[in-house]
Undergrad: 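Take this structure first; my questions come after.
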Amino acid sequence: MEAFKHLIDTLSKPTILVSFTFIIFFFVFPPTDWFEKWHKKLKFDGLWSVKSFWIITALLVGFFVTGLSDPDFRSIMLKPDNVPIAGLIFLVFFFTWLSMHQAYNNDKLIDAGKPVDEQYDAPNDKVLVWPDLVYIELITIILFSAFMLVWSIGLPAPLEEPANPSESPNPAKAPWYFLGLQEMLVYFDPWMAGVVLPSLIIVGLMAIPYLDNNKEGSGYYSFKNRKLSIAIFMFGWLVLWNLLIVIGTVLRGPNWNFFGPFEFWDSHKIEALTNINLSEFVYVKWLSTGLPGNILIREIWGMILLLGYFMILPPLLAKTWLKNLFERLGVARYSLFIVLILAALTLPIKMYLRWMFNLKYIISIPEYFFNF
Amino acid sequence: MPEAKEKKSVTVPPASPPPAALGKIDEGSQVSRRSFFSWLSIGWIAFVAATGGFFTMMLRFFFPNVLFEPVQTFRAGYPEDYQAGEVDLRWKGKYGTWIVRDGEGIYALSTVCTHLGCTPNWLAAEQKFKCPCHGSGFRKTGINFEGPAPRPLERFRIVLADDGQIIVDKTKKFQQEKGQWGDPEAFLKV
Amino acid sequence: MSEKKGLLKRLAEGQVWTSIFRGGGVPKSRRQRMMVVLNSVFLHLHPVRLPKHAVKLKFTWCMGGLSFFLFLILTISGILLMFYYRPTIEYAYTDIIDLAEQVPFGIMREIHRWGAHAMVITVWLHMFRVFMTGSYKPPREFNWAIGVILLLLTLLLSFTGYLLPWDQLAIWAITVGSNMARATPFIGSEGPGAALLAIGDINFVTMASDIRFALIGGRFLGEATLLRFYVLHCIGLPFIIMIFMAVHFWRIRKDGGISTPV
């Protein structure tokens, strides 16, 4: 048991956990044919069968049940405000499975030249709203109300100590659905993590229908014909949003240090987090000259990097690796698409730079509140 | 279709107005149309300006002229009350200030983390301020050295009153990255 | 048969009943059932007939409907909470305690709180379902965008509600949240570019004139903050979200109802 807990704690180290997720993710949701080949070779397509569903559910339930015997894990999971997270983990898995299960079924039907599951013969196959739909709605409402009542009676709403402006709780966590944002705040300056990136998330979500000009797969579950869009969405939704929430809930402890799920929250745990900016790497570590006084000269390297990332990389990719995509999307769609994707990728890039090299900011001009 | 054929057979040039209206409008029509458009544009400009003005008013509504805020200046006792090398926590709760005395003098640090405004804790064992929200760390001087905080803690104006007591004035702030810590009022020599 | 009618039957054919429910009696025929939906202002939200997969839970997950239902639960429980809660620093915290201990059936706050958590989840899952069925594709692009705004408003509603108990959780969540606003480029006093909007030594974007000030009604969290968030939470944002919801539902019908394979 202790060995198991220790193993989980070790695997929960952010570098291991996130690297593992990144590597395995695109084999589970293959965006291209090459990945799909491996997806099949590695038998990941069996993940969406009924049998796998029960196995994974059993594993999840088993993990939670055995985990709850541990006092540290219990204190995290049974904190009233974290209960929705436990629910979310199961719900997200269940609905991911449900949609992919139906998508794979439909893919098989399409391959066999048969109509998809949702295909219907209008107008003969229509059903009446009264009574077919209203009864379902009524039953759903009754069951859901009962569920809400039981939940509300069983679990009192949390209320902490009265507000005290001079004493921040340790750790001070945002509402769970914002923990992904709070995690971003560790790696980015607030104007990026709190304003620019959330705005880009909203803009990016709204832009999806205008960027995805693939006509296939409208009105039914499918995967084969829209691999790329589903893989990208899943990456944003499962990894950059839900995984970060789980990390923020379970793995972040006092002083915002990383802790394993079964590790005691020791508020005196010391971690060397002395962070340095890129300019300090260049001038102090490599050139050993000391930081130049001129801001522009000091930060020129970061600016070159950033400009290269957003200005040179997109056309380069359009010419090489993303050639087909560029031709399919056209200049306007491709430009918006690639800027959004690159902006989203700055998050994992900065996470790694922080974990591996303690890099703080690529551009750091605190004089003008401009840090990146 | 029959209507279209009929129209073709009529030889009246399409641009000319109907005969009945000719006598009345013809003379002034060019002028009045032109003046009509200029009136229209004036009308639109006035409308946009009025709407803009109204929304500005609504925005300004959110910034009241008088603020009811706690007192920003306080007396913090005599310099002898503070021991060299220690971070004094007694004004943290009431005034959001740490008073630190080092070998040369006394300075007043703001307890507001420069990252997102949480209150860091003074960890005496590790000789650092550690913010519980996102893990920023500051040295005793207020210099940031770990975590996401972009700049050092702010210092408040600190002077001696006539009776020898320390006065901390939170309305005047000194920021290290702007080179203001050298200001004589940012530091009380004792 | 016609001589001896039961009480219910007589009621159902009487003037009162038929004046309220047009169509006469229990809707049995296809025509009567269609008229039920057409004649009701509430059921008219639905079309009369649907594709058969539109009533399958496996396809719809019922998440959009549940989100709307939760919005109704939250509106009702929220109005009930307003009868007891006073948005001042002096009373807010104790009123919350009273809501659990002094008010009969003191679970209204629980329903409101857990309902809010549940609504965040159902809205996410609704978006997830709509994505996975490709239902954002033409002609439904715009309605997807409206849906994203509804998601944002749901999160903002939940966030503004977080402050109201005025406990430790509340003020630190709002401290962090409002300080993020301070970092907004140009209109936040610690945002990039704010220092450029100055003439000589006079800054135009300061702690007392930036976006954070407008949000919390002062330079520091206080009485004004609680009141502003209370008004936003109870009146401002619900008003906005209802407008967007109306557009969202209207557009579902106008864009051809639930998405179907072509």
Side-chain angles (χ1 to χ4, degrees), chain A residues 84 87-88 91 95 99 102-103 116 118-120 122 125-134 136-137 140-141 144 148 151-153 156-157 159-165 168-169 172 174-175 177 189-191 194-195 202 205-206 208-210 215 217-221 226 233 237 368-370, chain C residues 27 33 36-37 46-53 55 59 61-62 65-66 69 93 96 107 109-111 113-115 117 120-121 125 128 131-137 141 144-145 148 152 155 158 162 165-173 176 179-180 183-185 190-192 195 259-261:
Chain A
L88 186 78
L91 283 172
F95 283 111
S99 55
Q102 296 186 74
V116 295
E118 290 87 354
Q119 193 71 48
Y120 76 109
D125 265 357
K126 286 205 166 183
V127 294
L128 284 173
V129 162
W130 182 287
D132 294 304
L133 181 61
V134 285
I136 290 175
E137 286 178 342
T140 315
I141 285 176
F144 194 75
M148 285 305 302
W151 187 5
S152 302
I153 293 170
L159 184 67
E160 296 195 358
E161 309 268 295
N164 176 2
S168 303
Y177 41 82
D189 201 53
W191 75 278
V195 183
I202 300 294
L205 280 174
M206 284 165 86
I208 286 176
Y210 304 96
K215 293 274 184 297
S218 170
Y220 57 95
Y221 292 97
R226 38 197 298 249
F233 182 84
W237 153 252
Y368 292 95
F369 303 119
F370 186 91
Chain C
R33 287 175 167 176
V36 171
V37 176
H46 293 304
V48 171
R49 295 180 307 154
L50 290 166
K52 66 177 190 319
H53 68 268
V55 297
F59 180 80
W61 306 355
C62 216
L66 277 183
F69 179 59
Y93 187 77
I96 295 288
I107 58 159
R109 184 170 157 253
E110 274 73 12
I111 290 180
R113 176 107 175 193
W114 300 135
H117 283 294
V120 172
I121 296 179
L125 291 175
F128 184 40
F131 182 87
M132 290 306 284
T133 55
S135 306
Y136 57 84
K137 299 192 175 193
E141 309 102 304
W144 166 272
V148 174
L152 176 69
L155 292 175
S158 190
Y162 236 74
W166 204 248
D167 62 349
Q168 282 286 65
L169 204 60
I171 63 156
W172 294 107
V176 170
N179 278 324
M180 284 195 236
T184 314
E190 290 190 3
S259 61
T260 51

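All values below come from the heavy atoms of this structure, side chains included, with hydrogens, waters and symmetry mates left out. Residue numbering restarts at 1 for every chain, and letters A, B, ... go by the order of the sequence lines.
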Undergrad: Apply side chain to side chain contact (heavy atoms under 4.5 Å, CB included) to A:S99 and C:W61, showing your working.
TA: CA-CA 10 Å; A:S99 55; C:W61 306 355; 3.8 Å; yes
Undergrad: Measuring from atom OG of A:S218 to atom NZ of C:K137, what distance do you get when rounded to the nearest 0.5 angstrom?
TA: 6.5 Å
Undergrad: Between A:Y220, A:F95, A:F370, which has the largest tally of heavy atom pairs under 4.5 Å with chain C?
TA: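 Of the options given, most contacts go to A:F95.
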Undergrad: Is C:I171 in contact with chain A via its backbone, its side chain, both, or neither, using a 4.5 Å heavy-atom distance?
TA: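 Answer is side chain: those atoms of C:I171 sit under 4.5 Å from chain A.
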Undergrad: Counting only heavy atoms closer than 4.5 Å, note whether A:I202 contacts chain C via side chain, backbone, both or neither.
TA: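 A:I202 touches chain C through backbone and side-chain heavy atoms alike.
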Undergrad: Picking from C:P261, C:S259, C:A183, which has the most non-hydrogen pairs under 4.5 angstrom with chain A?
TA: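 Ranked by heavy-atom pairs under 4.5 Å with chain A, first place is C:P261.
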Undergrad: Can you list the residues that meet the side chain to side chain contact (heavy atoms under 4.5 Å, CB included) rule with A:P162, with sequence neighbours excluded?
TA: C:Y93
Undergrad: Measure distances from A:W151 to the heavy atoms of chain C and classify the residue's part below 4.5 Å as side chain, backbone, both or neither.
TA: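 When you check distances to chain C, atoms from both the backbone and side chain of A:W151 fall under 4.5 Å.
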Undergrad: Most heavy-atom pairs under 4.5 angstrom with chain C, which of A:D125, A:L91, A:T140, A:V134?
TA: A:D125
Undergrad: Which atoms of A:V195 are under 4.5 Å from chain C, going by heavy atoms: the side chain, the backbone, both sets, or neither?
TA: side chain
Undergrad: So, for A:G219 and C:H53, which heavy atoms are closest and what is the spacing to 0.1 Å?
TA: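 Heavy atoms of A:G219 and C:H53 come nearest at O-NE2, 4.5 Å.
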Undergrad: If every non-hydrogen atom of C:I121 is compared with every non-hydrogen atom of A:P84, which pair is closest and at what distance?
TA: CD1-O, 3.9 Å
Undergrad: Working to the nearest 0.5 angstrom, can you tell me the gap between A:S152 OG and C:I111 CD1?
TA: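 Spacing of OG (A:S152) from CD1 (C:I111) equals 4.5 Å.
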Undergrad: When you look at C:T260 and A:E118, which way does the side chain to side chain contact (heavy atoms under 4.5 Å, CB included) test go after all the steps?
TA: CA-CA 7 Å; C:T260 51; A:E118 290 87 354; over 6 Å; no
Undergrad: Among C:F131, C:W166, C:F128, single out the residue with the greatest number of heavy-atom pairs under 4.5 Å to chain A.
TA: C:F131
Undergrad: When rounded to the nearest 0.5 angstrom, what distance separates OG in A:S168 from CD in C:Q168?
TA: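 Reported value, rounded in 0.5 Å steps: 7.5 Å.
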Undergrad: Residues two or more places apart in sequence or in another chain: which of them pass side chain to side chain contact (heavy atoms under 4.5 Å, CB included) with C:Y162?
TA: A:D81, A:P175, A:Y177, C:R113, C:L169, C:A173
Undergrad: Using non-hydrogen atoms and a 4.5 Å limit, figure out which bit of A:Q102 sits close to chain C: side chain, backbone, both or neither.
TA: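 Contact with chain C involves the side chain of A:Q102 alone.
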Undergrad: Measure C:W144 against the heavy atoms of chain A and call it side chain, backbone, both or neither at under 4.5 Å.
TA: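 The answer is the side chain of C:W144.
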Undergrad: Below 4.5 Å from any heavy atom of chain A, which atoms of C:V176 appear? Answer side chain, backbone, both or neither.
TA: side chain
Undergrad: Side chain from CB out, backbone as N, CA, C, O: work out which of these in C:F69 comes under 4.5 Å of a heavy atom of chain A, or both, or neither.
TA: side chain
Undergrad: Minimum heavy-atom separation for A:E160 to C:D167, with atom names?
TA: N-OD2, 2.9 Å
Undergrad: Could you check A:V127 against C:V55 for side chain to side chain contact (heavy atoms under 4.5 Å, CB included), going step by step and ending with a plain yes or no?
TA: CA-CA 8 Å; A:V127 294; C:V55 297; 4.1 Å; yes
Undergrad: Closest heavy-atom contact between A:P156 and C:W114?
TA: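 Closest approach of A:P156 to C:W114: O-CZ2, 3.7 Å.
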Undergrad: Among C:I96, C:V37, C:L125, who wins on heavy-atom pairs under 4.5 Å with chain A?
TA: C:L125
Undergrad: Give me the atom names and distance for the closest heavy-atom approach of C:K52 to A:Q119.
TA: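 Here C:K52 and A:Q119 meet closest at NZ-O, 3.5 Å.
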Undergrad: Indicate the atoms forming the closest heavy-atom contact of A:L159 with C:P165, along with that distance.
TA: CD1-CB, 3.7 Å
Undergrad: Go through A:I153, A:I141, A:D189 and name the one with the most non-hydrogen pairs under 4.5 angstrom from chain C.
TA: A:I141
Undergrad: Looking at CE of C:M132 and OH of A:Y221, how far apart are the two atoms once the value is rounded to the nearest 0.5 Å?
TA: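 Here the interatomic distance stands at 8.0 Å.
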Undergrad: Side chain, backbone, both or neither: which part of C:L66 has an atom under 4.5 Å from a heavy atom of chain A?
TA: side chain
Undergrad: Most heavy-atom pairs under 4.5 angstrom with chain C, which of A:G194, A:P131, A:A163?
TA: A:A163
Undergrad: Is it the backbone or the side chain of C:V36 that comes under 4.5 Å from a heavy atom of chain A, or both, or neither?
TA: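 Just the side chain, heavy atoms under 4.5 Å.
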Undergrad: Heavy-atom distances under 4.5 Å only: say whether A:Y210 touches chain C with side chain, backbone, both or neither.
TA: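 Answer is side chain: those atoms of A:Y210 sit under 4.5 Å from chain C.
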